[in-house]
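Note that these values count all heavy atoms, side chains included, but never hydrogens, waters or copies made by symmetry. Counting convention: from 1, in listed order, for ligands and their atoms alike.
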Amino acid sequence: MKKVLVLNGPNLNLLGTREPAVYGSQTLADVEQMCRDEGARLSLAIDFRQSNHEGQLIDWIHEAGRECAAGTMLGVVFNAGALTHTSIALHDAIKGANVPVIELHISNVHAREPFRHHSWLSPVAKAVIAGFGVHGYPLAIAGLAKIAAAK
Ligand code: CA2
């Protein structure tokens, strides 16, 4: 069974505990279950991870690059949180690992503060999903499966 890595960056462990008007009231554990359900529907194994540390996320992107090259992984669904707007290192990691990444945001970042409008990840992402709430996660997994099937 091929794998999809679902990566979550800084502060996403707080999902469902604060700011429900922006991010909804579901927790990261709820999101993980939604991803696993979508994976089961598409016969894909889901590897679901969260870290508050940029270097850890970079290491996981590199690992995903090796798995994609080996043919065991389709790609990565990546909500990098605020690192989206600041991290050239994550941009370089995605580019260097040559891994298909779907950039994901729960909120519509373009309807929020101007500092959320720029993404260092979008230029190296296969696709971007924003504003569907946590439903964006299963949509992104299905999108990766479609992209892989079209190859
Ligand atoms: O909309 C998204 O998914 C974001 O990636 C979430 C990031 C934010 O910095 C991006 O601009 C957009 C924030 C993640 C923090 O999530 C929290 C959830 C609940 C309570 C506090 C933080």
Side-chain angles (χ1 to χ4, degrees), residues 3-42 44-65 67-68 73-148:
K3 203 193 282 181
V4 167
L5 176 62
V6 182
L7 265 192
N8 294 280
N11 298 310
L12 283 154
N13 53 312
L14 299 176
L15 204 62
T17 66
R18 269 174 256 157
E19 299 196 67
V22 181
Y23 300 116
S25 52
Q26 284 172 293
T27 65
L28 199 62
D30 296 329
V31 174
E32 178 172 1
Q33 190 54 55
M34 290 168 67
C35 290
R36 294 200 184 285
D37 290 346
E38 187 65 3
R41 193 180 75 78
L42 296 166
L44 292 169
I46 303 296
D47 190 348
F48 192 95
R49 304 183 191 183
Q50 189 272 333
S51 176
N52 292 324
H53 305 281
E54 188 176 22
Q56 176 66 87
L57 295 164
I58 290 168
D59 287 345
W60 285 340
I61 293 283
H62 292 172
E63 190 186 318
E67 292 211 40
C68 285
M73 184 178 279
L74 294 190
V76 181
V77 173
F78 193 13
N79 186 347
L83 289 173
T84 303
H85 318 298
T86 63
S87 180
I88 298 171
L90 280 173
H91 169 112
D92 288 348
I94 293 167
K95 200 172 178 179
N98 194 28
V99 54
V101 166
I102 311 293
E103 176 185 345
L104 175 109
H105 302 288
I106 297 167
S107 62
N108 177 0
V109 283
H110 300 289
R112 298 182 65 193
E113 304 96 320
F115 65 82
R116 295 185 203 277
H117 296 180
H118 179 263
S119 166
W120 285 105
L121 309 192
S122 297
V124 288
K126 268 264 175 229
V128 182
I129 290 182
F132 285 97
V134 293
H135 305 297
Y137 283 82
L139 288 173
I141 292 167
L144 262 184
K146 287 271 186 210
I147 288 169

* Tell me, which protein residue and heavy-atom name are nearest atom 4 (C) of ligand 1, and how many Å apart are they? -> His105 ND1, 3.8 Å
* Asked: Which word best sums up how the rings of Trp120 and His91 line up, parallel for under 30°, tilted for 30 to 60°, or perpendicular for over 60°?
  -> perpendicular
* To do: Do me a favour and list the nearest non-hydrogen protein atom to atom 8 (C) of ligand 1 with residue, atom name and distance?
  => Arg116 NH1, 3.3 Å
* Structure fact -> The closest protein heavy-atom partner of atom 1 (O) of ligand 1 is Ser107 OG, 2.6 Å
* Structure fact -> Here the atoms of ligand 1 under 4.0 Å from any heavy atom belonging to His85 are 10 (C), 11 (O)
* Value rounded to 0.5 Å, distance of CG in Leu5 from CG in Leu74 -> 11.5 Å
* Asked: Do other residues, nucleotides or ligands put more than 12 heavy atoms under 6.0 Å from the CG atom of Asn98?
  -> no
* To do: Before accepting this row, confirm whether a basic side-chain N of the pair Glu63/Arg49 lies closer than 4.0 Å to the acidic partner's carboxylate O.
  => yes
* Under 3.5 Å, N or O to N or O, is Glu19 touching ligand 1 that way? -> no
* To the nearest 0.5 Å, how far apart are OH in Tyr137 and CG in Asp37? -> 15.5 Å
* Structure fact -> Here the atoms of ligand 1 under 4.0 Å from any heavy atom belonging to Arg18 are 19 (C), 20 (C)
* Asked: So, do Ile94 and Phe78 sit near enough that their side-chain heavy atoms are less than 4.5 Å apart?
  -> yes
* Can you find a pair of side-chain heavy atoms, one from Met34 and one from His135, that are under 4.5 Å apart? -> yes
* Is the shortest N/O to N/O distance between Asn79 and ligand 1 below 3.5 Å? -> yes
* Structure fact -> Only residue of His118, Arg116, Glu103 satisfying side-chain contact (heavy atoms from CB on, under 4.5 Å) with Thr84 is Glu103
* Structure fact -> heavy-atom search around atom 3 (O) of ligand 1 in the protein gives Ile106 N, 2.7 Å
* Among Asn11, Leu104, Leu28, which one has a heavy atom closest to atom 16 (O) of ligand 1? -> Asn11
* Which bit of Val109 gets closer than 4.0 Å to ligand 1, counting heavy atoms only: side chain, backbone, both or neither? -> side chain
* Asked: Hey, is ligand 1 close enough to Thr84 that some N/O pair sits below 3.5 Å?
  -> no
* Asked: What protein heavy atom sits nearest atom 13 (C) of ligand 1, and how far away is it?
  -> Tyr23 OH, 3.3 Å
